[in-house]
Amino acid sequence: MESAAGPATPPAHSDFVREIVAEDQRTGKHGGLVHTRFPPEPNGYLHIGHAKAICLNFGIAAEFAGVCNLRFDDTNPAKEDVEYVESIQDDVRWLGFEWDERMFYASDYFERMYEYAEQLVRDGKAYVDSLTADEIREYRGTLTEAGRNSPYRDRSPAESLDLFRRMRAGEFPDGTHVLRAKIDMASGNINMRDPTLYRIRHAAHHRTGDAWPIYPTYDYAHPISDAIEGITHSLCTLEFEDHRPLYDWVVENIRPDATFRSRPQQIEFARLNLNYTVMSKRKLLQLVEQKFVSGWDDPRMPTIAGLRRRGYTAAAIREFCARIGVAKKENVIEMALLEATVRDDLNRRAQRAMAVLTPLRVVIENYPEDRTEDVLVSNNPEDESAGERRVPFSRNIYIEQDDFMESPPKKFFRLSPGTEVRLRRSYIIRCERVVKNDAGDVVELRCTADLESLTGATAARRVKGTIHWVSAAHAHEADVRLYDRLFRSENPAANGDPLADLNPDSLQILTDCKVEPMLARCLPGTHIQFERNGYFVADRDSTPERPVFNRTVTLKDSWLKIAGKN
Ligand code: ATP
Ligand code: MG
């Protein structure tokens, strides 16, 4: 609720991560500092799951008087691209977060990571292994069976160092050697069975070019990047819980130099899962590459760019992240919650307008042909300061086809032969006659208006139904895109390939829409409630001749009813 004095401060919410951070600050751990980071790999666009991580990392930094870095975790050259580096910055900024001068790349640390690796070899804590990838897998053992030492494990540090340097010099083809940490092949935690630190990969990197024929693994690069940047709390998703001992091993064994300001600690939280969608970047990339969607920002995509184009506001996404909270246990959030959140937000901010999506022509026979009058319509009943606007009314108007039924069922309170409805903020009309084409379709209604019902004697008269309308002579043509779930089932990945579960009706394009004049001038990105039809946003495909609107969300949750829930 907002008070007269302005927006109320959001309710103080806490979670187990914030509790840890607060306790650390209280006890003076990390010198009382809080320094987080958001570390995307630039191999795709950010999605709503990333928004959760962004809100958590930047949010905690802000709440605890700390700072948050944006770090590109760009250690895997094959799939990374500058397009993604740019889109990620756009999306984080659009969500409302700022990293100031603290934007970094893991690749900036390649030289130091390499030096630490040489040191690990000299210390006898890492060795070059020359088994094939298949052999390494075989030697690793299983959850129930200990692994076996590689025959190369006891190579002398001098021999490993020589090989490692030659790996770095590009002497060997891909897959011939790896650098491994020497930890414990019998560990109960498979991640600790001599994990790989470096692989040979003759691949150009989007920042370092051909400088490196070897690349560090995530498990090696991530803790070092955190330590170099002075990260205090390294927040990541639950699947890295089993990697934490390795994270700690790396931080402890790389002989931190004087520039290390902290010994970062990894804390895991449950990732966001949403029903009716997928959040694997690999799957999202397939949707884009195989043209199931128009691009990463297709309004059906769960990407931030897609949600933005769909008409979601940054405030709604931040609010959604606050509502779902942060926990240690995996769960699945209902898409309906995301939709309810944007509905609440747009209800407050979206200007109202009238748009007829599937028009039916209505002629008001007793209204003069040459007359036009402006009726006053409230711009947003939720926000008086939004004021009112004038909407032209005349003899010929459009209404929605489904606001008329020739033989209506009992509780149909809209228009049918002989019945009355009120036109929103305008006259009460009665349907006198139906005009049909040769095929028997209703193509026009002939109506009469109660001409006293707008400002005259019967202005207060009430009829059961109120419908929206647009004056035909003043209407603009528009395209409207209606979206539905991209996938048919709640868990699209349940039966293997989510792409086999795509909803063939996820996009419907209406090309014969009639909208009130004001809507022709909307700038792309403008949020509007089309009365009775939902929340919409003007799309960037709009032209001065033809505006295009995307439906963000329906006014009510029609989905729950359709799906037979509730
Ligand atoms: P991929 O899909 O390629 O495995 P990813 O989704 O883990 O990658 P990253 O770019 O590595 O993508 O993610 C950056 C950060 O966002 C990580 O800290 C990761 O834990 C977090 N993150 C990713 N997906 C989610 C999610 N669904 N919920 C919450 N946080 C997430
Ligand atoms: Mg990842």
Side-chain angles (χ1 to χ4, degrees), residues 15-17 36-61 68-81 83-89 91-92 95 97 99 103-107 206 216-219 221-223 225-226 229 231 233-244 247 264-288 296 301-305 307 317-318 320-333 335 337-338 491-493 498:
D15 51 61
F16 82 98
V17 180
T36 55
R37 85 290 170 264
F38 171 63
E41 182 179 354
N43 63 350
Y45 279 57
L46 298 181
H47 52 59
I48 182 78
H50 292 115
K52 174 176 179 174
I54 292 168
C55 290
L56 182 65
N57 280 291
F58 282 92
I60 285 185
C68 180
N69 295 357
L70 174 62
R71 181 200 312 144
F72 292 102
D73 188 7
D74 57 346
T75 52
N76 183 3
K79 294 181 178 160
E80 296 167 3
D81 197 284
E83 179 193 349
Y84 302 134
V85 169
E86 280 157 18
S87 72
I88 288 170
Q89 294 176 60
D91 289 348
V92 175
L95 268 179
F97 299 103
W99 52 87
M103 186 173 92
F104 304 107
Y105 293 85
S107 57
H206 64 103
T217 56
Y218 173 88
D219 282 326
H222 204 80
S225 305
D226 283 347
E229 292 175 17
I231 300 306
H233 300 82
S234 179
L235 313 178
C236 65
T237 40
L238 275 184
E239 66 273 22
F240 294 103
E241 192 167 18
D242 290 345
H243 297 240
R244 192 184 341 130
Y247 182 98
Q265 80 192 92
Q266 177 179 302
I267 302 168
E268 309 86 19
F269 63 94
R271 65 171 42 240
L272 168 65
N273 299 303
L274 257 189
N275 65 6
Y276 294 103
T277 194
V278 296
M279 261 182 282
S280 143
K281 279 190 277 186
R282 200 168 50 86
K283 286 295 166 200
L284 296 177
L285 179 64
Q286 277 180 4
L287 288 171
V288 173
W296 284 98
M301 291 281 271
T303 51
I304 310 232
L307 290 166
I317 294 177
R318 290 194 305 264
F320 170 72
C321 292
R323 287 187 189 180
I324 58 174
V326 178
K328 188 92 191 173
K329 195 168 171 298
E330 286 286 353
N331 64 353
V332 180
I333 303 288
M335 184 70 98
L337 179 65
L338 180 62
N491 180 2

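Count residues from 1 along the sequence. Indexing begins at 1, ligand by ligand and atom by atom, following the structure's order.
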K.L.:
Could you work out, for atom 9 (P) of ligand 1, the closest of R71, R282, K281, H222 by heavy-atom distance?
P.N.:
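Minimum heavy-atom distance to atom 9 (P) of ligand 1 goes to K281.
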K.L.:
Grab the two heavy atoms, one from E41 and one from I88, that are nearest each other, plus how far apart they are.
P.N.:
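Taking every non-hydrogen atom into account, O-CD1, 4.2 Å.
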K.L.:
Any chance the rings of Y218 and H222 have centres within less than 6.0 Å?
P.N.:
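Yes, the ring of Y218 comes within the 6.0 Å limit of the ring of H222, centre to centre.
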K.L.:
With atoms numbered from 1 as shown, which atoms in ligand 1 lie under 4.0 angstrom from a non-hydrogen atom of A53?
P.N.:
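Those qualifying, in numeric order: 16 (O), 21 (C), 30 (N).
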K.L.:
Nearest heavy atom to atom 31 (C) of ligand 1: which of P39, P302, G49 does it belong to?
P.N.:
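Shortest heavy-atom distance from atom 31 (C) of ligand 1: G49.
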K.L.:
Is L272 in polar range of ligand 1, meaning some N or O pair under 3.5 Å apart?
P.N.:
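So ligand 1 has an N or O lying under 3.5 Å from an N or O of L272.
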K.L.:
Has the side chain of H47 got a donor or acceptor atom that lies under 3.5 Å from a matching backbone atom of M279?
P.N.:
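At least one qualifying donor-acceptor pair exists.
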K.L.:
At a 4.0 Å threshold, what atoms of ligand 1 neighbour a non-hydrogen atom of P40?
P.N.:
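Per the distance check, 10 (O), 14 (C).
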K.L.:
Give a yes or no on whether the backbone of Y45 and the side-chain of S87 come within a donor-acceptor separation of less than 3.5 Å.
P.N.:
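No, the answer is negative, given that no donor and acceptor are paired below the 3.5 Å cut-off.
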K.L.:
Using a plain distance cutoff, I'd like to know if H50 has any nitrogen or oxygen under 3.5 Å from a nitrogen or oxygen of ligand 1.
P.N.:
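It does: an N or O of H50 is found under 3.5 Å from an N or O of ligand 1.
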K.L.:
Could you tell me, atom by atom, which parts of ligand 1 come under 4.0 Å of a heavy atom of N43?
P.N.:
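Within the 4.0 Å cut-off of N43, ligand 1 contributes 3 (O).
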K.L.:
Just distances here: any N/O of E41 and N/O of ligand 1 closer than 3.5 Å?
P.N.:
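There is such a contact, yes.
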K.L.:
Return yes when D73 approaches ligand 1 closer than 4.0 angstrom through a heavy atom, no otherwise.
P.N.:
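For ligand 1, residue contact (heavy atoms, under 4.0 Å) with D73 is absent.
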K.L.:
Is there a heavy atom of F38 sitting under 4.0 angstrom from any atom of ligand 1?
P.N.:
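True for this residue.
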